[in-house]
Amino acid sequence: MRAWVVEEPGPVDTSPLRLVERPRPVPGPGEVRLRVSACGVCRTDLHLAEGDLRPRRPGVVPGHEVVGVVDALGPATDHFELGERIGVPWLARTCERCRFCRSGRENLCVAPRFTGWDVDGGYADFAVVDERFAYRLPDGFDDLHAAPLLCAGIIGFRALRRSRLPPGGSLGIYGFGGSAHLAAQIALFEGARVHVMTRSLEAQHLALELGATSAGDAAAEPPEPLDAAILFAPVGTLVPPALAALDRGGILAIAGIHLSAIPSLDYQAHLFEERGLVSVTANTRADGEEFLALAVAAEVRVEARPYPLEKAEVALSDLAHDRFSGAAVLLTEHA
Ligand SMILES: [Zn+2]
Ligand SMILES: [Zn+2]
C-alpha cells in the first residue's frame with residue numbers, strides 16, 4: 001500500500017514527508033483494519049511535519065481524521081462488521097488504569113497513544129485501529145465531509161464546552177479554519193451570537209455566510225463584550241486581545257496542541273474580574289459521540305477541500321499558507 005511517512009521534520013515547503021510503499025498492516029487482537037477512503041488534514045499534522053511536535057516514533061504515518069470501510073477483523077473483535085464505515089480519531093488508546101481514565105477524563109490519560117503520532121494514521125491506503133476508539137459515522141455526511149468531524153469537529157466542540165459559553169451568550173472565535181467553522185455552527189445552533197476574528201477575508205466571508213453576527217480582522221475588537229472565546233489560531237500574541245475582549249467572568253479556551261509564545265499579561269486588563277484562561281487537551285470518547293450526534297441535529301455544513309492522497313504535501317503547504325478556508329481532506333480511489 002501507499003503511505004506517507006514523516007522522514008525528517010522541517011518546514012513544509014522542504015518536503016518533510018515521503019510517500020513509500022509498505023505492506024498492509026495486519027490487525028492485532030481487538031483491532032480492525034480499514035480501507036481508507038478519506039483522511040482529514042489537521043494543523044497537528046503540520047506541527048508534526050514541521051517539528052513543532054516532537055516525533056514519537058520514526059517513520060510514523062500522519063493523519064487522525066480517517067474514514068474508511070472495515071476490511072479485516074483482528075482476533076477478539078465484536079464492535080464492527082466487515083464492510084461497515086467507521087471513523088478513526090486522534091485518541092488511539094488510553095491506559096484505562098490511571099486516575100484520569102478512572103474518573104471520566106480519559107483525554108488527560110497519563111499514558112495515551114495518539115493516531116498519526118504514536119500509531120500509524122490515515123495518510124495511507126489502509127490503517128488499523130483499536131475498535132473501542134473508532135466511531136460509527138452518521139449517514140448524512142459522505143466520506144469527504146465526515147473526515148473533518150473526527151478531530152476538527154470533536155476538538156472544536158470540546159473547546160466550546162471548555163469555554164462555558166452560557167445559553168444565549170456571545171462567543172468570540174479567533175482564527176477560522178477547519179475546527180472553528182464547525183464549532184461556530186454548533187454554538188449558533190445552540191442560540192449563541194458568534195463574532196469571528198481572522199485575517200483571512202475568505203474565512204470572514206464564510207463566517208458571515210454560516211450565520212456569524214460579525215467578522216473582523218485577527219485581533220479586531222468585537223462589537224460587544226464576549227461571554228466566552230475560543231482561540232483556534234496557534235498564535236500566542238492573540239491571547240491578550242482575546243482576554244481583553246471578555247466580559248467579566250468570561251473564559252478563553254485555547255483549542256490547539258501548540259501555541260507560539262504568549263506575551264506577558266496584565267492582571268487588571270486581562271484576568272481580573274474573574275476572567276479565565278483554559279487549554280483543551282484531546283477529547284474523551286463521550287465528547288466524540290456527543291459531537292457527532294449534534295453535528296447531525298445541527299445539520300452542520302462541512303467546508304471540505306479535497307486533495308488526492310499523493311498531494312498530501314500540497315495540502316499541508318496550502319494549510320500553512322492559509323490558501324483555503326474550511327478543512328483539507330485527502331482522498332484515495334476508494335472514496
Ligand atoms: Zn487534529
Ligand atoms: Zn489513563
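No experiment lies behind these values; they were computed from the predicted model shown. Start at 1 and go down the list; that is how both ligands and their atoms are numbered.
Seen from the Zn ion (ligand 1), atom SG of C151 and atom SG of C42 lie 130° apart in angle, a value rounded to 10°. Centred on the Zn ion (ligand 2), the SG atom of C101 and the SG atom of C98 lie at an angle of 110°, reported to 10°. Here the angle centred on the Zn ion (ligand 2), running from SG of C95 over to SG of C109, is 100°, rounded to 10°.
Look at R33 and E31 and you find no salt bridge, because none of the NZ, NE, NH1 or NH2 atoms lies under 4.0 Å from a carboxylate O. Salt-bridge formation is detected for the pair R57/D120: a Lys NZ or Arg NE/NH1/NH2 atom is positioned less than 4.0 Å from an Asp or Glu carboxylate oxygen.
For the Zn ion (ligand 1), the nearest N, O or S atom contributed by H64 is named NE2.
Heavy atoms of other residues, nucleotides or ligands lying less than 6.0 angstrom from CZ of R97 number 12 at most.
Distance CD/E65 to CD1/I155: 9.5 Å, rounded to 0.5 Å.
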